[in-house]
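Note on naming: letters A, B, ... go to the chains in the order of the sequence lines (proteins, then strands), and numbering restarts at 1 for each one.
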2 protein chains.
Amino acid sequence: MHDPLSSTFAALADPTRRAILARLAMGETSVTELARPFEMSMPAVSKHLKVLERAGLISRGREAQWRPCRLDAGPLKDAASWIEEYRRFWAPYVDALERHLDRMFPPTPRSKKASKRQRGPNRQPKKGETK
Amino acid sequence: MHDPLSSTFAALADPTRRAILARLAMGETSVTELARPFEMSMPAVSKHLKVLERAGLISRGREAQWRPCRLDAGPLKDAASWIEEYRRFWAPYVDALERHLDRMFPPTPRSKKASKRQRGPNRQPKKGETK
DNA sequence: CAGTTAAATAACCGACAGGTTAAATATAGG
DNA sequence: CCTATATTTAACCTGTCGGTTATTTAACTG
C-alpha cells in the first residue's frame with residue numbers, strides 16, 4: 001500500500017528498524033554505526049534504511065563517504081493520532097466511566113457522537129433469532 | 001517476526017484492517033457486516049480477521065452460524081507507548097525547550113538521561129576528518 | 001595513480017502477504 | 001434429510017520482504 005499511514009506502520013513492524021530509530025533518537029549517525037549492533041550484512045541494513053526513508057522516518061545527508069542518517073519523526077505523529085483514537089478501549093477507567101455516563105445519560109438517536117457508543121452484537125437479526 | 005509489537009504494527013499496516021478496527025470500535029459485529037464496505041471476497045476479509053486475531057486485536061465469539069468479532073485494543077497500548085517515546089521529536093515546542101534547557105544545564109557525562117540528548121553527527125571521526 | 005573505506009546496487013533466494021475461486025464446514029429451519 | 005446462510009479452509013497466483021553474496025560507485029589517502 002502507498003498511503004503514508006500504512007507505510008509508517010509497515011516500517012515500524014520490524015524490530016531491526018525500530019532499533020535503528022531508537023539509535024537515531026540518540027543522534028545522527030552513519031550506516032556502519034547503525035549496522036554494528038546487528039548480526040546482519042550491510043546491504044540488509046541498507047534496505048531497512050531505504051524502507052525507513054521511503055516512509056519518511058529518516059533522511060540522509062552526505063559527508064564525504066558517509067551518509068549520516070537522522071531521525072525524521074513527523075510521520076509518527078499521525079500514527080500516534082490514529083492509535084490514540086482507541087485509547088478509551090484500553091483505558092479501563094475511562095471505559096467504565098463511559099458506561100456509567102451511558103447509563104446516566106442514555107445516548108439518543110439524534111446524537112451522532114453518542115450513537116457511536118452502541119453496545120451489543122449489532123448484527124442483523126435477519127431470520128429467526130431463536131435465542 | 002513473532003514479537004507482539006511487530007505483530008501489532010504489521011496488523012495496522014493495512015488500510016482494510018484499520019477500517020475493520022474502526023468499524024469494531026462502534027460495536028461487535030459479524031464477518032459479513034465487516035466485509036460489506038470492501039470490494040473484496042469473503043475469504044480475503046477472513047484472512048484479515050485472522051491477522052487481527054493473531055495480533056490479539058480482535059476476538060471472536062460464536063452465535064449460531066455467526067462469528068461476531070469484537071475489538072480487543074490491549075496491544076494498541078504498547079504500540080502507543082512505543083511511539084510516544086518519540087513525541088519530543090515531532091513536538092517542536094518541546095524540542096526547542098529541550099535545546100534551551102540543554103544550553104542552560106549542559107548534559108554531563110555522569111547523567112545517563114542527559115547524555116542521551118547528544119546533538120551533531122555522532123559518528124566516529126576515525127581517520128582524517130578533513131573538514 | 002593505486003589502495004582503502006563507506007555505502008549502494010544487482011542478482012538471487014525462500015517465505016510470506018494479499019488476493020482469487022472452489023470446496024468444505026457449521027448451524028438453523030422446514 | 002435437505003436447503004439456505006455464514007464462515008472457514010484449500011489450492012493457487014503474484015508481488016513484496018528480509019536476507020544473502022558479489023559487484024559497483026563514491027570519496028578520501030598516501
* Minimum-distance nucleotide (side-chain atoms of B:D14 versus D:dG18, C:dT27, C:dG18) -> C:dG18

* Between D:dT7 (P) and B:I20 (CD1): distance, integer Å -> 12 Å

* What does B:A64 touch in the nucleic acid at a heavy-atom separation under 4.0 angstrom: a base, only the sugar-phosphate, or nothing? -> sugar-phosphate

* Asked: For A:K77, does its backbone N or O pair with a side-chain atom of A:S81 as donor and acceptor, under 3.5 Å?
  -> yes

So which protein N/O to nucleotides 8-12 of chain D N/O distances come out below 3.5 Å?
unit_1	atom_1	unit_2	atom_2	d
D:dT8	OP1	B:R60	NH2	2.6
D:dT8	OP2	B:S46	OG	2.5
D:dT9	OP2	B:K50	NZ	2.7

* **Lys/Arg N to Asp/Glu carboxylate O, A:R60 vs A:D72, below 4.0 Å** => no

* To do: Between A:E39 and A:Q65, name the one whose nearest nucleotide on DNA chain D is closer to the 5' end.
  => A:E39

* Using a cut-off of strictly less than 4.0 Å, decide whether B:S41 has a side-chain nitrogen or oxygen near OP1 or OP2 of C:dG19. => no

* Asked: Roughly how many Å is it from CG in A:L52 to C1' in D:dC17, rounded to a whole number?
  -> 14 Å

* Whole-Å distance between D:dT29 C1' and A:W66 CH2? -> 11 Å

* For the pair made of CZ in A:R54 and C1' in D:dG18, what is the distance, rounded to whole Å? -> 16 Å

* Asked: Is the distance from OP1 or OP2 of C:dG18 to the nearest side-chain N or O of B:R17 less than 4.0 Å?
  -> yes

* With sequence neighbours excluded, what pairs up with A:T16 under the side-chain contact (heavy atoms from CB on, under 4.5 Å) test? -> A:D14, A:I20, A:F38, A:M40, A:H48

* Does A:H48 put a side-chain nitrogen or oxygen below 4.0 Å from OP1 or OP2 of D:dC17? -> no

* Nearest-Å distance for atom pair CD/P, residues B:E63 and C:dA28 -> 10 Å

* Do we see a donor-acceptor contact under 3.5 Å between the side chains of A:T29 and A:R70? -> no

* Asked: After noting the C-alpha distance and the side-chain angles of B:K50 and B:E53, does the key distance pass the salt bridge (charged side-chain N to carboxylate O under 4.0 Å, His left out) rule?
  -> CA-CA 5 Å; B:K50 184 164 289 182; B:E53 190 174 23; over 6 Å; no

* Asked: Quick one: side-chain contact (heavy atoms from CB on, under 4.5 Å) partners of A:V51, sequence neighbours excluded?
  -> A:A11, A:R17

* To do: Write down the distance between CG (B:L12) and C1' (C:dG18), rounded to a whole number of angstrom.
  => 17 Å

* Nearest whole angstrom, please: distance from the P of D:dT5 to the CZ of B:R36. => 14 Å

* Residues B:E84, B:R87: salt bridge by 4.0 Å N-O rule -> yes

* Separation of B:R62 atom CZ from D:dA6 atom P, in whole Å? -> 13 Å

